[in-house]
2 protein chains.
Amino acid sequence: MADALEPEQLDTYFALMESVSLLHHAVEQQVRAAGELSYIQFQLLARLADAPDRQLTMTALADGVVYSRSGLTHQAGLLEKAGLVTRATSPDDQRATLVTITQAGLDRVAAILPGHVDVVRDLLFDPLSKEDLDVLGGIMGRVRDHMRAQPPRSVSTRKRRT
Amino acid sequence: MADALEPEQLDTYFALMESVSLLHHAVEQQVRAAGELSYIQFQLLARLADAPDRQLTMTALADGVVYSRSGLTHQAGLLEKAGLVTRATSPDDQRATLVTITQAGLDRVAAILPGHVDVVRDLLFDPLSKEDLDVLGGIMGRVRDHMRAQPPRSVSTRKRRT
DNA sequence: TATTGTTATACTCTATAACTATA
DNA sequence: TATAGTTATAGAGTATAACAATA
């Protein structure tokens, strides 16, 4: 409209955003129905479940989840209250807090995952061929790496001395 | 973990969600900085700007934006208060409300768009080849069509008589 | 002085249910 | 009876700034 550019590119962008919005909405409902968690809480637990020793510092946990620190503190507090994680000061760095997923947390993730995979398969994988998926995986992997390499726009942007 | 499945597929899904999350966060900030709007408000205005006669009913406006009706009413109210849209009863159907974008609304979109395109180009298009983009566009277009064809999980799920 | 994390607060978005009015 | 939309209200997520403690 103003900066014209290739319209196809914009279409691609819009299709991407709308698709993921729909998918996000669907999995959000699945996670809540199957495990009484928000999608973000599920993501945090899933990250912890895959982490070495099943624990991460708050900062490490925040990375990639696009979060303000206070938001993560809030979510960690909710998860702790629900008995799904524990928090303790790191022995390596007294400033850091280590978040550890509990067995109840692991169970919760395990309870959600099968249905979760079903939703993703029905909505995302279903209309795609095996080859499409491979290509999409490669493309999004590159995009993610590229975005991660960009100056983080959330967590790290704490004090931007103007 | 539970329903095993192809791990590559899950990776693709995670890469997709994380990338879009980062992109969403970036454009959200751009839209707010350049035009004092939330991303969703921007999307609504952009939809109206592209619509025939620059107007849509509430229901048509909601489609694809994954919204509850009350949420859309709320957003439309904010946009109207800001002078960016007007609302009037449709002459065709007395029940329907026609939302029309104003000149100020068009100006606002025009003010946001160039910078918006810049962000999308830097974050999404930059690491991709022309061919990647074509492929991605085709894939996401198919995915979107597929998801739209699914029973809508937001707007239409109004009264699900159990 | 920089970094990790928490607290308090306020704001936005979203969702549910009850309601009005028109088809 | 079904559909379009609004209202009220409550809840969840997010962000900012001020703060304490450790490196």
Side-chain angles (χ1 to χ4, degrees), chain A residues 21 24-26 28-29 31-33 36-44 56-63 65-82 85 87-99 152-162, chain B residues 21 24-26 28-29 31-33 36-44 55-63 65-82 85-99 152-162:
Chain A
S21 176
H24 187 280
H25 202 258
E28 175 91 43
Q29 290 184 226
V31 170
R32 198 170 296 281
E36 300 267 298
L37 294 177
S38 70
Y39 186 51
I40 288 164
Q41 291 165 351
F42 170 67
Q43 284 180 301
L44 294 174
L56 292 169
T57 64
M58 293 291 282
T59 297
L61 190 54
D63 285 347
V65 186
V66 187
Y67 245 85
S68 65
R69 286 161 179 272
S70 60
L72 181 57
T73 295
H74 179 234
Q75 292 298 334
L78 293 177
L79 291 173
E80 186 177 43
K81 198 183 302 178
V85 305
R87 279 188 290 186
T89 301
S90 167
D92 301 332
D93 184 337
Q94 293 286 107
R95 296 172 302 180
T97 296
L98 275 178
V99 184
R153 297 166 190 273
S154 57
V155 178
S156 299
T157 305
R158 194 171 186 181
K159 287 179 184 175
R160 182 196 300 265
R161 11 309 282 306
T162 314
Chain B
S21 177
H24 187 280
H25 201 258
E28 176 91 43
Q29 290 185 225
V31 168
R32 197 170 298 280
E36 300 268 299
L37 294 177
S38 70
Y39 186 50
I40 288 166
Q41 290 166 349
F42 170 67
Q43 283 180 301
L44 294 175
Q55 60 181 18
L56 291 170
T57 63
M58 294 292 281
T59 297
L61 189 54
D63 285 347
V65 185
V66 188
Y67 245 86
S68 64
R69 286 162 180 273
S70 61
L72 180 56
T73 295
H74 178 234
Q75 293 298 332
L78 292 177
L79 292 174
E80 186 177 44
K81 197 185 303 180
V85 305
T86 57
R87 278 188 291 186
T89 301
S90 167
D92 301 332
D93 184 337
Q94 292 287 107
R95 294 173 303 180
T97 297
L98 274 177
V99 184
R153 296 165 190 274
S154 57
V155 178
S156 299
T157 305
R158 195 170 185 183
K159 287 180 185 174
R160 182 196 301 263
R161 10 308 274 316
T162 315

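A, B, ... follow the sequence lines: proteins, then strands. Residue 1 opens every chain.
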Between [N] atom [atom2] and [X] atom [atom1], what is the distance in whole Å?
X: B/Gln75; N: D/dT7; atom1: CD; atom2: P; value: 15 Å
X: A/Leu61; N: C/dT6; atom1: CG; atom2: P; value: 11 Å
X: A/Glu28; N: C/dC13; atom1: CD; atom2: C1'; value: 12 Å
X: A/His74; N: D/dA12; atom1: NE2; atom2: P; value: 9 Å
X: B/Met58; N: C/dT20; atom1: CE; atom2: C1'; value: 15 Å
X: A/Gln29; N: D/dA12; atom1: CD; atom2: P; value: 15 Å
X: B/Leu72; N: D/dA4; atom1: CG; atom2: C1'; value: 11 Å
X: B/Glu36; N: C/dC11; atom1: CD; atom2: P; value: 15 Å

Quiz item: A/Ser70 side-chain donor-acceptor pair to D/dT16 base, under 3.5 Å: yes
Nearest to the side chain of [X] - [options]?
X: A/His25; options: C/dA15, D/dT6, D/dG13; value: C/dA15
X: A/Arg32; options: D/dG13, D/dG5, C/dT6; value: D/dG13
X: B/Arg69; options: D/dT6, D/dG13, C/dA15; value: D/dT6

Sugar-phosphate only, base, or nothing, as touched by A/Ile40 at under 4.0 Å among non-hydrogen atoms: sugar-phosphate
Residues which pass side-chain hydrogen bond (donor to acceptor under 3.5 Å, both in side chains) with B/Glu28, listed by chain and number, not counting sequence neighbours: B/Arg32
Test side chain to side chain contact (heavy atoms under 4.5 Å, CB included) applied to [X] - qualifying residues, sequence neighbours left out:
X: A/Gln41; value: A/Leu37, A/Ser38, A/Gln75, A/Leu78, A/Leu79
X: B/Gln43; value: B/Tyr39, B/Ile40
X: A/Ala82; value: A/Leu84

DNA chain D: 5'-proximal contact among B/Thr57 and A/Gly71 (nearest heavy atom): B/Thr57
Interface with DNA chain D, restricted to residues 88-98 of chain B and to heavy atoms under 4.0 Å: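 Of all residues in residues 88-98 of chain B, the ones placing a heavy atom under 4.0 Å from DNA chain D are B/Arg95, B/Ala96, B/Thr97.
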Phosphate contact (D/dG13 OP1 or OP2) by A/Ser38 side-chain N/O below 4.0 Å: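 Yes, because at least one side-chain N or O of A/Ser38 sits under 4.0 Å from OP1 or OP2 of D/dG13.
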Heavy-atom closest pair, residues A/Ala76 and A/Val85: O-CG2, 4.0 Å
Any residue meeting salt bridge (Lys or Arg N to Asp or Glu O under 4.0 Å) with A/Glu80, in chain and number order, not counting sequence neighbours: A/Arg87
Side chain to side chain, A/Thr59 and A/Arg69, heavy atoms closer than 4.5 Å: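 Yes - at least one pair of side-chain heavy atoms lies under 4.5 Å apart.
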